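Structure first, then comments.
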4 protein chains.
Amino acid sequence: MARTERESELLAITLQLLQKHGYEGLTVDEVAAIAHASKATVYRRWPTKAELVLAAFIEGVSEDAEPPETGSLREDLIVIGDLVCAQTRQHAGTMRAVLGEVSRNAALSEAMQRQLVDQRRRMMRKVFKQAIDRGEVRAGDVDSELWDLLPGYLIFRAVVQNRPATRRTVRALVDDVILPSLIR
Amino acid sequence: MARTERESELLAITLQLLQKHGYEGLTVDEVAAIAHASKATVYRRWPTKAELVLAAFIEGVSEDAEPPETGSLREDLIVIGDLVCAQTRQHAGTMRAVLGEVSRNAALSEAMQRQLVDQRRRMMRKVFKQAIDRGEVRAGDVDSELWDLLPGYLIFRAVVQNRPATRRTVRALVDDVILPSLIR
Amino acid sequence: MARTERESELLAITLQLLQKHGYEGLTVDEVAAIAHASKATVYRRWPTKAELVLAAFIEGVSEDAEPPETGSLREDLIVIGDLVCAQTRQHAGTMRAVLGEVSRNAALSEAMQRQLVDQRRRMMRKVFKQAIDRGEVRAGDVDSELWDLLPGYLIFRAVVQNRPATRRTVRALVDDVILPSLIR
Amino acid sequence: MARTERESELLAITLQLLQKHGYEGLTVDEVAAIAHASKATVYRRWPTKAELVLAAFIEGVSEDAEPPETGSLREDLIVIGDLVCAQTRQHAGTMRAVLGEVSRNAALSEAMQRQLVDQRRRMMRKVFKQAIDRGEVRAGDVDSELWDLLPGYLIFRAVVQNRPATRRTVRALVDDVILPSLIR
DNA sequence: TCATAAGCGAGACGGTACGTCGTGTCTTACG
DNA sequence: CGTAAGACACGACGTACCGTCTCGCTTATGA
């Protein structure tokens with residue numbers, strides 16, 4: 001997936017226009033015009049507008065952050081929460097724009113899940129494993145069904161509610177909900 | 001917001017085609033043709049395709065369900081959770097389609113919030129109030145910031161993750177997370 | 001064909017809008033709106049836009065002028081020529097607007113001919129008859145095929161050429177062309 | 001004004017449909033459909049229906065005929081008259097359709113004048129000049145104001161009267177009116 | 001005096017053309 | 001050969017107009 005400079009430029013322009021106009025408002029003509037490229041140059045790489053947009057979205061959003069290692073589960077969760085907050089605050093519009101296409105295109109949907117969900121899942125797993133290793137919580141206490149409650153609710157707030165969570169929200173969520181549910 | 005029969009018919013057709021073709025695939029011409037209506041008849045009421053779709057979505061989704069009164073907070077929450085599950089399972093595609101427009105149109109955004117969020121908020125408030133009146137939980141235990149954690153996470157699962165929650169998920173969420181956070 | 005006041009008002013408005021916007025640019029809605037009338041009120045009297053326009057045209061254009069009796073054929077012809085000049089100068093736009101419809105509607109075509117052509121034909125006939133009676137020209141010299149050469153050319157200039165004839169044109173036509181062709 | 005093949009094809013189809021349905025009955029969609037062309041392809045060249053129709057009319061009508069050189073003014077005039085008769089007989093409906101637009105569009109009006117009038121004017125001038133050179137008429141006898149009396153009256157008959165002139169009419173006009181006015 | 005009707009203003013409606021614009025394909029000419 | 005430029009077929013969008021229709025309101029006559 002090594003991008004040429006040209007490809008990265010096209011994706012960057014696409015992402016920018018996507019944030020500006022939304023999925024419907026984005027036009028391939030405008031992407032090409034701004035890049036001083038031919039439409040054929042765009043379509044040669046991404047055969048539909050939807051794939052172009054998804055590629056731009058993935059390129060722009062996925063920053064492979066390392067899982068935190070603060071030595072405390074609470075601190076780790078808060079770091080993750082704040083990170084998700086910042087990310088979703090920045091990319092909420094883009095995510096909304098892309099979501100509409102996800103329903104109808106299995107490839108897009110899968111790519112999106114892999115890029116966004118799996119990355120976060122790995123991070124959460126590692127943090128919990130560290131906490132178990134440290135003896136902070138018992139292994140059985142972590143319900144695998146709800147591992148993404150923290151990022152999930154934060155994303156819901158930003159993307160669906162259009163009311164992004166604050167640092168206060170993150171702390172309330174971790175202290176009053178997540179932690180009590182583990183060390184019950 | 002009293003709908004005439006004609007309006008309801010148009011919205012019903014729109015919702016049906018929306019679920020069938022998605023937002024992009026839906027055409028106002030087809031809506032009009034199926035309803036044996038003129039395009040002008042549609043555009044007179046909803047001046048753009050986006051507003052038509054949002055109206056159809058709201059009409060289709062907002063079934064003013066009464067808050068449950070099972071006599072137990074746990075049962076009430078599970079009823080609500082199952083209801084949200086069923087609703088989102090049915091309308092996830094439509095919600096994704098509509099979300100893209102929400103970014104760009106404050107009126108749509110507000111309408112969506114009022115219709116969907118406020119309705120749920122009222123339901124949750126009433127259920128908690130009943131529980132407080134019964135002495136199940138103390139008033140201070142209910143953090144108003146997180147009142148929508150239950151529906152929010154369920155919606156996240158359906159809309160963003162495309163992996164709708166099950167009845168098991170709802171029960172785990174209520175028993176292992178929500179309730180412990182209240183009676184801590 | 002006794003017009004009520006309401007009918008005359010509608011036709012006057014129609015004629016005015018016809019001159020302003022042309023046939024295509026004229027809308028029945030606008031006629032009705034200006035007259036504070038319902039469209040049904042218009043359509044009850046003239047079942048199509050074309051018939052409304054033709055009626056307005058006839059009403060507005062046909063002024064039944066009396067044939068001149070100056071005692072001299074030359075003077076009579078010049079009076080007629082000047083009259084036609086004035087009429088066509090005023091109604092050229094309207095005539096152009098109406099002509100397009102004439103091709104396609106036999107009734108309109110016939111009505112237009114009767115109103116405009118026959119009226120002039122009668123006038124010319126009478127003038128020539130008077131000249132014959134006075135002995136100015138011999139009966140055989142008047143070629144019935146070309147009786148409308150004078151008004152015809154003047155109308156051509158105004159309607160087709162968009163270059164209305166002047167009083168000088170009329171005199172040249174009468175003195176240098178029409179009269180020489182008669183008293184040859 | 002070099003037309004591509006595509007453009008000529010579109011204009012030919014337009015002219016054909018124009019004669020078939022008239023101006024109002026002609027639709028750009030049908031032109032495009034018959035030509036297997038996109039509407040955008042039509043509108044790229046002629047930005048409105050009116051301009052398309054005028055272009056088709058000019059293309060169809062302006063056959064750059066050479067001025068006749070029969071060696072006799074009378075014969076030259078009759079050739080021209082018969083030519084105008086044939087042309088107007090064929091294109092009367094189209095001319096009527098186009099005239100309505102002429103009022104409202106100076107560019108169209110000018111184009112029409114240049115294409116149709118100037119062409120004929122050149123022809124008449126040349127024919128008269130030849131006659132003067134031959135000594136048939138004296139230079140002063142040709143009144144420049146009325147040079148278009150012959151074609152003008154013939155066009156009037158076809159377009160306004162809807163009663164096209166015959167070969168007999170042409171001969172009467174030339175022999176009894178035009179020539180007498182010159183050699184008076 | 002009142003009701004039954006007839007005409008009216010207002011404007012929604014079905015149908016359909018207009019002119020615009022975006023997608024994805026394709027051609028041409030340049031480097 | 002890849003590219004920039006942009007024409008092209010297709011088809012949806014949103015607007016506007018025609019001619020029909022329904023709805024109340026007014027007025028005008030006849031019982």
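Residue numbers begin at 1 in each chain, while the letters A, B, ... track the order of the sequences. If you're wondering where the values come from, they're calculated on a predicted model, not measured in any experiment.
Smallest separation of non-hydrogen atoms from C/Leu54 and C/Val98: CD1-CG1, 4.1 Å. Of all heavy-atom pairs spanning D/Ala92 and D/Ala158, the tightest one is CB-O, 3.8 Å.
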Please list every donor-acceptor pair under 3.5 Å in which a side-chain atom of residues 15-37 of chain C meets a protein atom from a residue at least two apart or in another chain.
| unit_1 | atom_1 | unit_2 | atom_2 | d |
| --- | --- | --- | --- | --- |
| C/Tyr23 | OH | C/Ala50 | N | 3.4 |
| C/Glu24 | OE1 | D/Tyr23 | OH | 3.0 |
| C/Thr27 | OG1 | C/Glu30 | N | 3.0 |

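Counting heavy atoms from C-beta outward, C/Val160 and D/Met95 have side chains that approach closer than 4.5 Å.
Comparing A/Thr48 and C/Ala40 by the nucleotide of DNA chain E whose heavy atom lies nearest to each, the residue mapping closer to the 5' end is C/Ala40.
In this view, B/Arg6 and B/Glu9 satisfy the salt bridge (charged side-chain N to carboxylate O under 4.0 Å, His left out) rule, not counting sequence neighbours. Taking the salt bridge (charged side-chain N to carboxylate O under 4.0 Å, His left out) definition, one finds that B/Arg89 meets it with nothing, sequence neighbours left out. Scored by the side-chain contact (heavy atoms from CB on, under 4.5 Å) test, D/Ala12 finds no partners at all (sequence neighbours excluded). The salt bridge (charged side-chain N to carboxylate O under 4.0 Å, His left out) test applied to C/Arg45 returns C/Glu7, not counting sequence neighbours. Every residue two or more places apart in sequence or in another chain was checked for a side chain to side chain donor-acceptor pair (under 3.5 Å) with D/Glu51, and none qualifies.
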Between the protein and nucleotides 28-31 of chain E, list the N/O to N/O atom pairs that are separated by less than 3.5 angstrom.
none

N/O-N/O pairs, protein side and nucleotides 5-8 of chain E side, under 3.5 Å:
| unit_1 | atom_1 | unit_2 | atom_2 | d |
| --- | --- | --- | --- | --- |
| E/dC8 | OP2 | C/Arg44 | NH1 | 2.5 |

Full working for side chain to side chain contact (heavy atoms under 4.5 Å, CB included) between D/Ile155 and D/Gln87: CA-CA 9 Å; D/Ile155 291 173; D/Gln87 282 186 355; over 6 Å; no

Worked verdict on A/Trp46 versus A/Leu10 for side chain to side chain contact (heavy atoms under 4.5 Å, CB included): CA-CA 11 Å; A/Trp46 304 280; A/Leu10 288 169; 4.0 Å; yes

Full working for side chain to side chain contact (heavy atoms under 4.5 Å, CB included) between C/Thr41 and C/Ser38: CA-CA 5 Å; C/Thr41 301; C/Ser38 165; 3.9 Å; yes

Residues D/Ile58, D/Leu11; criterion side chain to side chain contact (heavy atoms under 4.5 Å, CB included); working and verdict: CA-CA 10 Å; D/Ile58 289 175; D/Leu11 292 181; over 6 Å; no

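Interface residues of residues 17-30 of chain C facing DNA chain F, ordered by number: C/Leu26, C/Thr27, C/Val28, C/Asp29; criterion, heavy-atom separation under 4.0 Å.
Protein chain A contacts DNA chain F over a range whose 5' and 3' limits, counting nucleotides with an atom under 4.0 angstrom from a non-hydrogen atom, are F/dT3 to F/dA7.
Atom CG in A/Leu52 sits about 14 Å away from atom C1' in E/dG22, given to the nearest Å. When rounded to the nearest whole Å, the span between NZ of D/Lys49 and C1' of E/dT20 equals 17 Å.
Base engagement by B/Lys39 is indicated by at least one non-hydrogen atom pair under 4.0 Å involving a base atom.
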